[in-house]
Structure formats: C-alpha cells, structure tokens
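These figures come from a predicted structure and were not determined experimentally. Residue numbering restarts at 1 for every chain, and letters A, B, ... go by the order of the sequence lines.
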Amino acid sequence: MNAEPNATPSPAATVAPSDFIRDIVAQDLAAGRCAEGVVTRFPPEPNGYLHIGHAKSICLNFGIALENGGRCHLRMDDTNPAKEDIEYVESITADVKWLISGWADSVLGLKPKGEKPAPAPGGDFRIRPVPAADHAARAPELEPFFASDYLEQLYLFAERLIEKGKAYVCDLSPAETDEYRGAPDRPGKNSPFRERTIAENLDLFRRMRAGEFPDGARTLRAKIDMASPNVWLRDPLLYRIRHLAHHHAGAGWCVYPLYDYAHCLSDYLEGVTHSVCTLEFEVHRPLYDWILESLELPRALPRQYEFAKLHLAYTLVSKRRLLQLVNEKIVAGWDDPRMPTLAGIRRRGIPASALRRFVIGVGVTKFDSLTELAVYENAVRDELNAAAHRRMAVLRPLKLVIDNFDALPLGSFQRMHATDRPDADKGGGSRDIKDSFEKELWIEQDDFSETPPPKYFRLKPGGEVRLKYAGIIKYNSVEKDAAGQVVAVHVDMDPDSLPGGSAKDRKVKGTIHWVGVKSCIDAEVRLYDRLFTHPEPASAENIRDVLNPRSLEVVTAKLEPSLATATPEERFQFERLGYFTPDAKDSAPGRPVFNRTITLKDTWAK
RNA sequence: UGCCCGAUGGUGUAAUGGUAGCACAGCAGAUUCUGACUCUGCUUGUUAAGGUUCGAGUCCUUAUCGGGCAGCCA
C-alpha cells in the first residue's frame with residue numbers, strides 16, 4: 001500500500017471510504033470532465049428540521065467536495081411557497097454549519113445575499129459562490145443558495161422550451177390530469193391541449209405569469225410521451241399557478257416551478273457537476289436529463305446519482321410522525337434530546353465528529369439497509385471517551401459513613417489526585433478532590449447490596465471495595481428506617497490504602513465512585529434512553545404502541561463541586577455511569593442541568 | 001402483475017475476472033483504582049439454478065426475494 005508515513009489518523013479521524021459515487025467522481029476527474037472542479041450540493045426544502053438521515057447526505061456531498069478540492073453548495077430547494085418558512089431556512093443553515101464545522105467548512109458554498117444568476121454568453125446564466133476563504137470576513141452578507149432566486153431564469157428557460165415545441169400549456173384539471181396519466185401498468189393518453197401552437201402556448205404561459213388565471217386553472221407541461229413505461233415521462237408538469245407570496249422571493253410570482261424542472265436547472269445554474277440524491281429519485285433521472293438536454297445548454301450538464309437513505313434501528317424520521325410527537329407533547333420539542341433531528345442530537349451532547357464518523361462509516365450503496373443502533377452508539381462512545389473530562393457524580397444516592405474517618409492520616413498528603421482525562425500524559429491532567437473526601441459520602445444505591453447476586457464486585461456485607469481515588473473500605477453495618485429500608489452503610493477504611501500509604505496499590509475486585517455529602521451540589525440530571533421499543537418504529541400503526549415509557553427519567557443527582565461551573569460546550573464522563581453534558585437551554589450559570597448523552601457500555605449482565 | 005433498482009456472516013460494508021477482508025455486535029481470555037477503555041483469540045457469509053472462463057461474489061440467462069414509481073410535494 002502507499003500509505004503516507006505520517007498519516008496515522010487519530011481514533012477520531014474519519015477516513016472516507018470509497019464507494020460507487022466517489023468512484024464515478026474519480027473517473028470523471030480522470031477523464032477531464034470537471035473543468036471547473038467538482039461541485040456538489042446539499043438541497044433541503046426549508047419545510048422542516050434536518051435529521052440524522054440528512055446527515056448522511058450532508059457528509060456525502062461535503063465529503064466528495066472536500067476530497068476533490070471542490071465545493072458543496074447549501075441550497076434551499078424552495079419552490080413550493082405553501083410549505084416553506086424562513087424559520088426552517090435558519091435552522092437548516094445552523095444545523096449544516098454545526099455538522100461540518102472543523103471538517104468541511106472550507107468547501108461550503110455560499111453566495112452574497114440577494115445575488116441572482118447573471119446573464120452569460122449564449123443566452124446562459126450562472127451564479128458563483130463566494131470562496132470559503134472569504135466567509136469569515138463577509139459572514140453577515142452571505143447566505144445559502146436558493147432555488148427561488150432562479151425564478152426569473154427558470155421562467156425564461158421555460159419560454160425557451162415552449163419555443164422549441166417541447167412544452168405546452170394544459171387546461172386539464174388536477175383530477176383530469178391524474179386520469180389522463182394512466183397507471184404504471186397502463187399507458188396514459190394525450191391531453192387535448194397537447195397540440196397547441198407555440199404562439200398560443202407562449203401567450204398563455206405569459207398570461208399565467210401575469211396572474212390572469214386562478215390557482216389550478218392551467219399548468220405548463222413537458223411534451224414527452226404519455227405512453228412511456230416511466231410515468232414521470234408522461235408529460236410531467238413543469239409549472240403550476242399559486243397566488244402566494246414566497247418567503248424568500250417575495251410577492252412578485254404566481255407561477256412556481258415543480259421539483260423536476262427546478263432542480264436540474266438549479267444544479268446547472270450553480271455549475272453543479274454531481275447531483276447526488278436518494279433512491280426514490282431514480283425514476284426521475286430520465287426527466288432530469290430530458291429537461292437539460294432539451295434546452296441545448298452551452299455548458300457541461302450536471303449528472304444525477306442516487307444512493308440509499310440511512311435507516312437506523314429504533315429511530316423514526318418521518319416528518320409526520322415526528323410532528324405528532326411534538327404536537328402531542330410526547331417530547332419537549334423538535335430539539336428534544338431524544339429526537340433524531342440534528343438539533344436534538346446536538347442538544348443531547350453528541351459531538352458532530354461522532355455523527356459524521358457514524359454516517360460516513362455506514363457507507364454509500366444502493367441497498368436499502370437497516371443499521372443497528374450499536375454502530376451509532378459505538379461511534380458516540382468512542383469520540384466521547386477520547387474527549388470527555390472525568391468527574392464523579394451519584395445519580396441515586398445512598399449514604400456511606402466512614403466510622404474511622406477521624407483516625408485517618410489525611411493530613412499526611414496534600415492532594416487527592418483524580419483523573420481529568422485518561423490521556424493525562426498528553427495533557428489530560430488531574431484535579432484535586434481531597435476537600436470532597438468526608439466522613440459522610442454519597443454512593444450509588446446500585447453499589448451496595450445486602451443480598452448480592454453472584455459475581456457482585458461492589459459493596460456487600462463482609463466485603464471490601466475501593467473508593468475511587470481514595471482507599472479501601474470494609475463493611476461494618478447498615479442503618480435501616482422503620483420500613484426496613486437501608487438508609488446508610490457504615491464502613492471502616494484501611495488507612496494504609498490511602499494515596500501514599502503502604503498498601504495504596506492493594507487490589508480489591510471492586511471500585512466505586514462517591515461524592516462528599518457536605519461538598520457536593522444537587523443538580524437535575526436527565527437520563528435519556530431510546531424513544532421506541534421497536535427496531536422499526538415506522539412499521540407500527542400507531543407510534544404510541546411502540547413508545548418507550550422510560551425514554552426519559554429525571555433525577556436529582558449529587559455532583560462533585562467542580563461541576564457547578566460546567567458549560568454546554570463541555571463533555572463529561574461521570575465515571576462508571578456514562579457521558580453527560582449541560583443542557584444548552586435549561587442550564588443557568590452556576591446551576592447546570594445535565595443531559596445523559598449515552599451510558600457507558602455495560603457488560604455486566606443486569 | 002408495466003418500468004426501474006437491489007441482494008456478500010447477526011448488522012453494515014469492501015473485494016472493479018485472480019487468497020472473501022474490515023467495522024459493529026456476540027463469545028472466551030488478558031489487563032484494569034471506571035464491570036469502561038485497551039489488548040488477544042474465536043464463531044458466523046457470496047439468494048438459487050444454469051452458462052461463459054484456466055479461474056466467477058464480480059460477466060450472461062432464468063428464477064426467488066426485497067425496494068421504488070401513478071402530488072398541480074420535494
């Protein structure tokens with residue numbers, strides 16, 4: 001192999017594998033078919049929030065651009081004013097920037113605000129992005145691309161199609177259009193308006209634009225083949241009448257292009273070379289090509305390629321179903337940390353690097369697969385393990401009393417070192433927790449059992465266990481309340497097992513974590529689990545049937561005091577429990593609310 | 001049953017006519033002041049039948065199974 005000598009990637013680095021689309025790009029490049037470089041695009045419709053499925057598309061498109069020194073345009077595919085809103089433009093832009101931050105920022109294509117395609121030789125138009133190097137300096141005056149910025153050019157192209165005899169104005173009603181289309185196994189029949197003259201079509205189309213006709217009265221259709229076995233070639237609609245202002249384009253329009261017409265031409269105007277979309281658009285590809293070829297455009301044409309969507313077990317991405325969760329208050333909103341939205345994933349504390357690594361790792365194929373949740377969880381744990389600061393926290397407290405505390409030689413050492421990050425040799429460092437070590441501590445209820453199951457390594461009657469970073473304790477007795485519940489466990493500590501002691505390295509099977517009763521702080525901690533109990537929640541008739549009743553548990557936890565100043569940008573491992581991060585919305589300065597991102601892997605059978 | 005697409009261990013993916021590999025999961029062990037991490041080992045696969053070829057996961061044929069397509073949505 002020809003590996004670079006110093007190309008040893010960190011565990012967090014994601015090496016993009018090859019796949020059939022990247023192979024095509026490489027071939028095109030080798031054949032000199034991309035004179036102006038590789039240009040891809042991520043084109044969401046601003047009618048909802050981005051989710052984990054979009055992450056795959058984002059990483060594919062930005063990844064291809066990055067690997068080939070090209071660029072990737074963020075484009076709002078906003079040709080249906082009835083469904084879209086500026087709110088989504090903003091959330092989509094923020095989510096994309098978050099996901100590519102620190103990875104592919106350098107290939108993000110944006111443009112000056114308000115800029116539209118400029119006329120070019122041969123009756124052509126084109127629009128150019130601002131180089132990413134200038135983004136920082138010009139940030140306030142930049143915006144994504146918008147298909148709705150091309151309304152004028154798209155309209156002009158449509159007139160050209162009419163002039164070439166390749167499009168006509170049709171007066172059929174929606175129901176009639178549907179009937180004339182036939183069915184996949186039954187040919188359609190020609191519209192009675194199919195043979196209008198070019199002059200008549202031009203006149204009618206101009207009057208459509210001028211607002212002379214009501215919604216639905218007429219459409220512009222491509223003249224292809226009503227008997228085609230591919231229904232998308234049966235004189236597909238290009239334009240419909242909608243007397244509606246547009247969230248981005250304003251009030252000047254009442255005819256709006258449909259997806260198949262607008263998308264290929266938007267790609268062309270932006271100089272996109274590889275237009276990558278999901279499998280359901282496979283049957284649209286002949287139409288994509290037909291429109292571009294019919295216009296006899298002067299520049300190289302973009303090509304469409306399709307890949308399989310991401311399907312992740314125990315996860316739902318259907319907009320309708322997700323909306324139901326929000327509307328019925330099953331979750332707290334679109335950015336609830338249990339949601340598969342990028343906003344939810346981010347709030348949950350999952351690093352963008354982990355999401356990227358996951359979606360890139362599942363690969364790109366045309367096979368409709370279902371990816372196990374464990375693959376996702378592994379990526380998250382792996383990134384967090386490397387990045388998270390270690391802290392001690394007790395989620396379900398039980399009091400521990402060290403009976404011989406006052407006799408312990410605590411004055412003989414200055415510090416009690418606790419790991420901050422395991423890679424201390426690389427600057428991970430340590431912190432001092434000596435002031436937290438008190439006579440009375442909180443330990444996890446799970447870490448004591450009066451009647452332990454087999455192979456129980458934690459504290460039990462007659463047993464010994466190590467208090468992490470401190471010393472070894474031996475069971476003395478339990479205190480119970482009137483109801484017989486254990487309220488405190490009494491132990492003695494082996495003084496020689498303290499840091500610096502003669503038996504500091506003595507081995508015992510179990511180590512448990514703790515916080516000081518007096519020094520600890522109380523904090524709300526939200527314990528999240530998967531939202532659904534079924535690996536394919538989409539297959540359920542009613543999502544309520546497959547909801548996990550324990551997808552959220554809120555506890556008041558005892559945290560070591562250093563956690564009081566934690567901020568939402570910080571990642572922590574609460575030792576032996578999992579990874580946690582302060583909630584970005586509900587935390588207050590000095591009073592963080594923690595979200596559990598994910599538990600530690602637990603191979604001890606529960 | 002019109003057209004299009006697909007099928008490699010439990011899951012995802014690689015092998016571009018020449019040794020079926022990787023990751024995750026699982027199991028066993030080592031290590032461990034996190035039952036984590038790390039390390040070692042193991043189990044398990046080319047949908048089927050024909051054909052072409054010295055040689056087929058790969059090319060051809062047929063079958064089987066799965067997915068997609070009939071919005072004035074994208």
5′-ward residue of the pair A/Ser173/A/Lys507 relative to RNA chain B: A/Lys507

Measuring to OP1 and OP2 of B/rG35, would you say a side-chain N or O of A/Thr603 lies under 4.0 angstrom away? no

Scanning all shown strands, the Watson-Crick or wobble mate of B/rU64 with both distances under 3.5 Å is B/rA7

Heavy atoms under 4.0 Å, any strand shown: does A/Gln573 hit a base, just sugar-phosphate, or nothing? base

Anything under 30° is parallel, anything over 60° is perpendicular, the rest tilted; go ahead and classify A/Phe281 against A/Tyr259. tilted

For A/Leu233, report the nucleic acid contact type (base, sugar-phosphate, nothing); a contact means any heavy atom under 4.0 Å. nothing

B/rC37 OP1/OP2 closer than 4.0 Å to side-chain N/O of A/Lys601: yes

For A/Asp178, answer base if it contacts any base atom (sugar-phosphate contacts may also be present), sugar-phosphate if it contacts only those atoms, and nothing otherwise; contact means non-hydrogen atoms under 4.0 Å. sugar-phosphate

Categorize A/Thr219 for me: base, sugar-phosphate, or nothing, with a 4.0 angstrom heavy-atom threshold over every strand shown. base

Would you mind classifying the nucleic acid contact of A/Lys468 as base, sugar-phosphate or nothing, using non-hydrogen atoms under 4.0 angstrom? base

If you look at every strand shown and take non-hydrogen atoms under 4.0 Å, does A/Glu372 touch a base, only sugar-phosphate, or nothing? base

After noting the C-alpha distance and the side-chain angles of A/Arg218 and A/Asp171, does the key distance pass the salt bridge (charged side-chain N to carboxylate O under 4.0 Å, His left out) rule? CA-CA 5 Å; A/Arg218 295 182 212 268; A/Asp171 300 358; 2.7 Å; yes

Using a heavy-atom cut-off of under 4.0 Å over every strand shown, decide if A/Leu258 touches base, sugar-phosphate, or nothing. sugar-phosphate

Testing the 3.5 Å rule here: is there a donor-acceptor pair between the side chains of A/Arg41 and A/Ser275? yes

Whole-Å C1' distance, B/rC59 and B/rG41: 39 Å

Return whichever of A/Phe457 or A/Tyr239 has its heavy-atom-nearest nucleotide of RNA chain B closer to the 5' end. A/Phe457

Sugar-phosphate, base or nothing in reach of A/Glu575, heavy atoms under 4.0 Å: base

So what does A/Val231 hit on the nucleic acid, given a heavy-atom distance under 4.0 Å: a base, only sugar-phosphate, or nothing? sugar-phosphate

Give a yes/no answer on whether the side chain of A/Ser18 brings an N or O atom under 4.0 Å of OP1 or OP2 in B/rA14. no

Taking 5.5 Å and 30° as the limits, would you call A/Trp604 and the base of B/rG35 a stacked pair? yes

Considering every strand and a 4.0 Å limit on heavy-atom distances, what is the contact class for A/Asn378: base, sugar-phosphate, or nothing? sugar-phosphate

What's A/His263 touching, base or sugar-phosphate or nothing? Going by heavy atoms closer than 4.0 Å. nothing

For A/Tyr469, report the nucleic acid contact type (base, sugar-phosphate, nothing); a contact means any heavy atom under 4.0 Å. base

A/Tyr239-A/Phe205 aromatic ring centre distance below 6.0 Å: yes

Ignoring backbone atoms, establish whether A/Arg240 has a side-chain N or O less than 4.0 Å from OP1 or OP2 of B/rA74. yes

For A/Ser228, which contact category applies under a 4.0 Å heavy-atom criterion: base, sugar-phosphate, or nothing? nothing

What orientation do A/Tyr88 and A/Tyr49 show, parallel under 30°, tilted 30 to 60°, or perpendicular over 60°? perpendicular

Parallel, tilted or perpendicular, as decided by the 30° and 60° cut-offs, for the rings of A/His248 and A/His246: perpendicular

Would the base of B/rG35 count as contacting A/Arg576 through its side chain, where contact means a donor and an acceptor less than 3.5 Å apart? no

Describe the nucleic acid contact of A/Arg390 in one word from base, sugar-phosphate, nothing, applying a heavy-atom distance below 4.0 Å. base

